[in-house]
Amino acid sequence: MTNTYPAVGNQLRLDLLREALPYIQRFKGQTFVVKLSGKVTEDPENLSSLAEELALLHQVGIRLCVVHGGGKQLSEMAKRMGIEQTIINGRRVTDDATLEMAKMIFAGKINTDILAALRNRGIEAVGLSGVDGNIVHAERRPPREILNRETGVRSEVDFGHVGDVVQINSRLLTVLLDQGYLPVISSLGADDEGTVFNINADTIAAEIAVQLQAKKLILLSDVDGIYLRPGDSETKLSRLTAAEIEALISDGTATRGMIPKLQSIIELLHRGVHSAHIISGTARNALLSEIFTDEGTGTMIVA
């Protein structure tokens with residue numbers, strides 16, 4: 001009996017290429033901003049696989065700008081060094097010691113690891129922080145009265161060396177993208193005096209997406225979308241509007257670290273970015289499936 005499985009497998013692969021063709025044509029020359037969480041970049045094997053997917057997007061003519069955080073690695077380093085961390089409603093309080101660690105980990109190890117993985121796939125990537133070329137002009141976040149959602153207590157919180165984005169200077173990024181480079185930006189910024197701040201990577205990615213008039217903002221993390229009930233695969237939402245997201249926040253469905261992420265998405269959609277995507281950064285081919293297939297893999301949010 002003739003084994004037909006290889007032929008079936010080849011046919012499936014060819015059908016997938018056909019399905020991808022209209023998306024490749026639609027997105028060629030468009031700009032995507034891709035944000036990588038620390039959980040995505042910590043495992044070398046996973047980072048290598050993800051770099052291959054980014055390389056494919058780059059090779060078919062999509063202009064990619066990568067932004068990364070590193071909160072997980074920062075927390076692990078702080079634990080090893082005995083430096084206590086305070087995180088309120090998904091936001092880290094950054095004291096002097098934490099800022100020094102953030103400089104080393106974000107602009108150092110993680111950024112270099114991503115560049116090396118892309119280099120292994122033949123991509124000319126350029127490592128930057130928001131301080132380079134004054135990409136991220138920031139100011140110190142003033143103390144704010146915050147309702148701690150875990151304790152229910154409202155109090156004034158000084159977030160320390162945490163910055164808020166004042167302006168994105170995209171000139172350097174545009175030069176690099178126009179010349180075929182792939183910028184990789186860590187989540188630091190500075191003010192006019194050169195004071196460096198730790199800034200939420202989702203916020204930086206959103207602001208850069210707006211400034212570059214990006215077609216898509218893609219958030220890669222350890223979650224593969226938004227669920228009505230966490231852990232229940234039947235309740236994953238494949239497509240949402242900004243209004244539906246606001247309802248999820250107000251009724252308490254969205255919790256903890258997901259809230260600032262969703263709030264930044266709502267804002268950027270109102271400011272011109274076509275769509276935002278929350279997908280798994282640890283599932284093989286999740287990025288390719290989200291971009292090049294009809295079904296996708298995560299949650300797509302539109303205005």
Side-chain angles (χ1 to χ4, degrees), residues 4-37 39-40 43 45-66 121 202 205-206 209 214-248 253-254 258 261-262 264-266 268-269 273-303:
T4 60
Y5 288 109
V8 171
N10 288 336
Q11 191 63 46
L12 177 60
R13 283 190 286 269
L14 293 172
D15 285 341
L16 289 172
L17 282 173
R18 286 177 178 271
E19 184 178 351
L21 177 60
Y23 294 101
I24 293 172
Q25 292 172 326
R26 182 188 309 170
F27 297 137
K28 183 176 181 180
Q30 298 285 346
T31 299
F32 291 4
V33 175
V34 180
K35 185 264 179 175
L36 311 181
S37 73
K39 295 176 182 177
V40 169
D43 177 62
E45 186 174 336
N46 185 73
L47 180 56
S48 176
S49 176
L50 185 57
E52 190 171 29
E53 295 180 51
L54 291 168
L56 197 153
L57 296 181
H58 181 79
Q59 293 290 357
V60 299
I62 296 172
R63 294 157 58 97
L64 291 178
C65 183
V66 171
R121 297 301 176 183
D202 292 314
K215 186 76 171 179
K216 294 181 181 294
L217 170 65
I218 302 168
L219 304 174
L220 296 174
S221 67
D222 60 333
V223 297
D224 63 349
I226 298 174
Y227 291 79
L228 286 176
R229 293 188 297 276
D232 185 349
S233 60
E234 298 296 320
T235 66
K236 186 167 83 170
L237 303 170
S238 61
R239 183 182 175 93
L240 284 169
T241 65
E244 289 169 334
I245 287 291
E246 289 173 339
L248 291 178
T253 301
M258 184 61 70
K261 189 188 301 290
L262 294 177
S264 66
I265 288 173
I266 292 170
L268 77 94
L269 292 175
V273 175
H274 183 264
S275 64
H277 304 252
I278 298 175
I279 65 174
S280 171
T282 57
R284 181 177 173 83
N285 296 327
L287 178 58
L288 298 181
S289 178
E290 184 72 10
I291 303 303
F292 294 137
T293 69
D294 297 334
E295 292 184 0
T297 57
T299 299
M300 177 179 179
I301 305 167
V302 297

Verdict with reasoning, T31 to I62, per side chain to side chain contact (heavy atoms under 4.5 Å, CB included): CA-CA 6 Å; T31 299; I62 296 172; over 6 Å; no
Could you list the residues that satisfy ring-ring contact (aromatic ring centres under 6.0 Å, His included) with F27, not counting sequence neighbours? F32
Tell me every residue that passes side chain to side chain donor-acceptor pair (under 3.5 Å) with D224, counting only those two or more places apart in sequence or in another chain. Y227
For A206, side-chain contact (heavy atoms from CB on, under 4.5 Å) partners two or more places apart: L217, S264, L268
Please set out all donor-acceptor pairs under 3.5 angstrom arising from side-chain atoms of residues 47-57, sequence neighbours excluded.
from: E53; atom 1: OE1; to: L287; atom 2: N; distance (Å): 3.2
from: E53; atom 1: OE1; to: L288; atom 2: N; distance (Å): 3.3
from: E53; atom 1: OE2; to: N285; atom 2: N; distance (Å): 2.9

Using a 3.5 Å cut-off and no angle test, enumerate the donor-acceptor pairs between side-chain atoms of residues 293-303 and protein atoms at least two apart in sequence or in another chain.
from: T293; atom 1: OG1; to: S289; atom 2: O; distance (Å): 2.5
from: T293; atom 1: OG1; to: S289; atom 2: OG; distance (Å): 3.3
from: T293; atom 1: OG1; to: G296; atom 2: N; distance (Å): 3.2
from: D294; atom 1: OD1; to: Y23; atom 2: OH; distance (Å): 2.4
from: T297; atom 1: OG1; to: A286; atom 2: O; distance (Å): 3.2
from: T299; atom 1: OG1; to: I226; atom 2: N; distance (Å): 2.8
from: T299; atom 1: OG1; to: L237; atom 2: O; distance (Å): 2.5

How close do L269 and A242 get, counting heavy atoms only, and between which atoms? CD1-CB, 4.4 Å
The residue among L262, T241, I266 that forms side-chain contact (heavy atoms from CB on, under 4.5 Å) with E246 is I266
Stepwise side chain to side chain contact (heavy atoms under 4.5 Å, CB included) check, D202 with L219: CA-CA 8 Å; D202 292 314; L219 304 174; 3.7 Å; yes
Find the distance between CD (E19) and CD1 (I24) and round it off to the nearest 0.5 Å. 11.0 Å
L220 and G281: which non-hydrogen atoms are nearest, and at how many Å? CB-CA, 4.0 Å
Results of side chain to side chain donor-acceptor pair (under 3.5 Å) for K216 - residues two or more places apart only: S275, H277
Between R239 and E244, the two heavy atoms sitting closest are O-OE1, 4.3 Å
K39 meets the salt bridge (charged side-chain N to carboxylate O under 4.0 Å, His left out) criterion, sequence neighbours left out, with D222
Counting C-beta onward and ignoring hydrogens, is there a side-chain heavy-atom pair between I278 and I218 closer than 4.5 Å? no
My understanding is that only residues two or more places apart in sequence, or in another chain, count here; which of them pass side-chain contact (heavy atoms from CB on, under 4.5 Å) with L21? Q25
Using every non-hydrogen atom in the two residues, find where S37 and S221 come nearest and quote the distance to one decimal. OG-CA, 3.4 Å
